[in-house]
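Order of the sequence lines fixes the chain letters, A, B, ..., with proteins taken first and strands second; residue numbering starts at 1 for each chain.
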There are 2 protein chains.
Amino acid sequence: MRRDVFQAIADPTRRDIIGLIAKKPMTPNGVAESFGVSRQAISKHIQILLECGLLGINPQGRERYYTVQPKKLAEVADWIDPFRKMWEGRFEKLDDIINTLKNEQNGSEK
Amino acid sequence: MRRDVFQAIADPTRRDIIGLIAKKPMTPNGVAESFGVSRQAISKHIQILLECGLLGINPQGRERYYTVQPKKLAEVADWIDPFRKMWEGRFEKLDDIINTLKNEQNGSEK
DNA sequence: TATATGTGCAATCAATCGATTGCACAATGA
DNA sequence: TCATTGTGCAATCGATTGATTGCACATATA
């Protein structure tokens with residue numbers, strides 16, 4: 001079963017769950033009340049987010065408060081970062097990869 | 001058919017394709033040679049990346065050179081940004097974070 | 001012209017996904 | 001104790017995904 005952060009945040013419901021829990025740690029029932037799906041469906045989404053490290057648990061009695069582990073999103077941010085430099089036009093600090101890209105693009109024009 | 005950037009980059013092969021084409025615009029055959037799957041499979045990945053705006057086309061004769069449109073990844077970076085502030089411990093703009101999350105939640109309701 | 005090459009599209013298939021229902025079990029409270 | 005509540009887990013189902021094969025068509029090349 002593939003459980004990486006990229007796949008986890010691909011689902012819009014899971015992104016909403018992350019956004020919700022980021023504001024305030026919540027229980028599965030609390031989260032489910034904010035969505036139009038069953039508690040079990042939310043529970044499965046939470047399970048996926050747990051398995052890839054995007055959420056943490058804080059049990060209180062029979063309730064389980066889930067919290068967001070935002071640091072885990074750095075994996076995505078790190079992958080995007082070189083491309084950010086491309087679209088922001090900050091070419092002064094580019095590594096060889098991006099320099100190669102620029103040269104090849106100019107060279108491939110007729 | 002859902003065609004958003006988050007779903008597009010969820011597949012590791014597609015992320016590899018983006019990384020490859022970012023170095024140098026490539027044809028489908030060129031890309032396929034770098035992977036262990038068929039040309040048609042690569043072609044379908046490219047189609048998905050095209051449909052969500054992550055790639056552009058530059059036809060040269062019967063060859064089609066695909067280029068990366070990095071700006072499209074800003075959609076993902078923008079979603080991550082409030083969380084980046086969380087994991088980097090910059091809480092001075094917490095109100096902005098909360099507001100951003102609120103807006104995102106409202107805007108993504110089905 | 002005829003042949004080879006580069007590419008896209010349709011059909012197909014196994015695997016996975018997102019959701020539901022039903023049940024089990026521990027913690028709470030009468 | 002016994003009923004209620006909060007939660008997790010298993011079975012199931014329809015839709016989607018990622019891959020393959022086969023074919024069509026335009027472009028290049030002999």
Value in whole Å for how far the P atom of C:dC17 lies from CG of A:Leu49: 13 Å

Without decimals, in angstroms, what is the distance between A:Glu51 CD and C:dT16 C1'? 14 Å

Taking only Lys NZ, Arg NE, NH1 and NH2, and the carboxylate oxygens of Asp or Glu, determine whether B:Lys85 and B:Asp81 approach each other closer than 4.0 Å. yes

The criterion is side chain to side chain contact (heavy atoms under 4.5 Å, CB included); which residues satisfy it with A:Glu33, sequence neighbours excluded? none

Atom pair distance, as rounded to whole Å: CD1 in B:Ile17 and C1' in D:dG18: 11 Å

Between CD of B:Gln7 and P of C:dT16 the distance, given in whole Å, is 17 Å

According to the ring-ring contact (aromatic ring centres under 6.0 Å, His included) rule, which pairs have a member within residues 43-78 of chain A, sequence neighbours left out? none

Take the protein atom CG of A:Asp16 and the nucleotide atom P of C:dA19, then report the distance between them rounded to whole Å. 11 Å

So does A:Ser38 get a side-chain nitrogen or oxygen closer than 4.0 Å to the phosphate oxygens (OP1/OP2) of C:dT20? yes

What integer distance in Å separates B:Ile48:CD1 from D:dA19:C1'? 11 Å

Test side chain to side chain donor-acceptor pair (under 3.5 Å) applied to A:Thr67 - qualifying residues, sequence neighbours left out: A:Gln69

Holding to side chain to side chain contact (heavy atoms under 4.5 Å, CB included), I want the full list of residues that pass it with B:Ser38, two or more places apart in sequence or in another chain. B:Gln40, B:Ala41

Take atom CD of A:Gln60 and atom C1' of C:dT28, then tell me their distance rounded to the nearest Å. 15 Å

If you look only at pairs with a residue in residues 63-75 of chain B, which of them pass as a salt bridge (Lys or Arg N to Asp or Glu O under 4.0 Å), with sequence neighbours excluded? B:Lys72-B:Glu75

A:His45 side chain N/O closer than 4.0 Å to the phosphate oxygens (OP1, OP2) of C:dA19? yes

note: B:Asn58, atom CG; C:dG6, atom P; distance rounded to Å ~ 17 Å

Can you build the contact string for nucleotides 5-10 of chain D? Use B for base contact, S for sugar-phosphate-only contact, and - for no protein heavy atom under 4.0 Å. BSBBB-

